[in-house]
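First the proteins, then the strands, lettered A, B, ... as listed; each starts at 1. Values below: all heavy atoms of this structure, side chains included; hydrogens, waters and symmetry mates excluded.
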Amino acid sequence: MPKYWLMKSEADVYSIDDLRRDGRTLWDGVRNYQARNNMKEMKEGDLVLYYHSRQSPSAVTGLARVVRESYPDPTQFDPGHKYFDEKSSEEDPRWWLVDIEFVRAFDHPVGLPDIKARSDLSEMVLVRNSRLSVQPVLEQEFQTVLKMAGEAMP
DNA sequence: GCCAACGTTGGC
DNA sequence: GCCAACGTTGGC
């Protein structure tokens with residue numbers, strides 16, 4: 001059985017349409033341990049709610065799927081890169097990432113206010129801990145958000 | 001753009 | 001190991 005997750009990006013940095021264009025991407029640049037640990041838990045085939053933060057309203061805008069399980073984030077080893085981490089090493093990498101692929105963009109994104117308005121979504125990590133950029137989602141929560149978007153299960 | 005909430009760093 | 005200072009995230 002696949003597990004369910006939510007990943008955040010700012011639309012002007014990397015939007016669901018950017019992911020559609022690229023087909024797949026590596027989720028680099030995560031420098032938060034909790035988010036990293038969540039990516040280490042991901043398995044191929046897990047489904048991801050794609051979320052645009054820092055827009056009005058912030059919203060779940062589509063779906064993605066995990067296509068490669070965690071491996072070291074290459075940007076941490078590149079001294080010229082903004083995500084370079086001098087305290088990490090190839091022998092003992094600190095930061096890990098996964099590859100995801102585009103599944104679909106929603107015709108009707110599900111806004112954060114609508115999510116917050118639902119009592120059956122009040123325990124979502126998105127509601128509880130707004131700062132975590134890679135977070136687990138319960139199957140029930142995933143299905144509820146899909147239904148709110150007017151989408152069927154992939 | 002502001003700022004509250006949160007996570008991280010580093011002095012002690 | 002505590003906690004003040006600092007940096008970042010993201011809702012509004």
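Using a distance-only test at 3.5 Å, with no hydrogens or angles considered, a donor-acceptor pair links the side chain of A:Arg36 to the main chain of A:Arg94.
Among A:Phe84, A:Tyr33, A:Tyr71, the single residue meeting the ring-ring contact (aromatic ring centres under 6.0 Å, His included) criterion with A:Trp95 is A:Tyr33. The only option from A:Asp18, A:Asp22, A:Asp17 that meets the side chain to side chain donor-acceptor pair (under 3.5 Å) definition with A:Arg20 turns out to be A:Asp17.
The number of heavy atoms from other shown groups lying within 6.0 Å of NE2 (A:His81) is above 12.
Side-chain polar atoms of A:Trp5 and A:Asn38 form no donor-acceptor pair below 3.5 angstrom.
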Practice prompt. Could you encode protein contacts along nucleotides 7-12 of chain C as a string, one character per nucleotide from 5' to 3', using B for base contact, S for sugar-phosphate-only contact and - for no contact, with a heavy-atom cut-off of under 4.0 Å?
Written response: BBBBBS
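Ion pairing of A:Arg31 with A:Asp73 is present here, as a side-chain N (NZ or NE/NH1/NH2) and a carboxylate O approach within less than 4.0 Å.
For residues 130-154 of chain A, the pairs satisfying ring pair (Phe, Tyr, Trp, His ring centres under 6.0 Å) are A:Tyr4-A:Phe142, with sequence neighbours left out.
Within residues 31-39 of chain A, the residues that have a heavy atom under 4.0 Å from DNA chain B are, in order of number, A:Asn32, A:Tyr33, A:Gln34.
When the nearest nucleotides of DNA chain B are assigned to A:Asn129 and A:Lys87 by heavy-atom distance, the more 5′-ward of the two goes with A:Asn129.
Under the 4.5 Å side-chain heavy-atom criterion for Ile, Leu, Val, Met, Phe, Trp and Tyr, A:Tyr51 and A:Val134 are members of distinct hydrophobic clusters.
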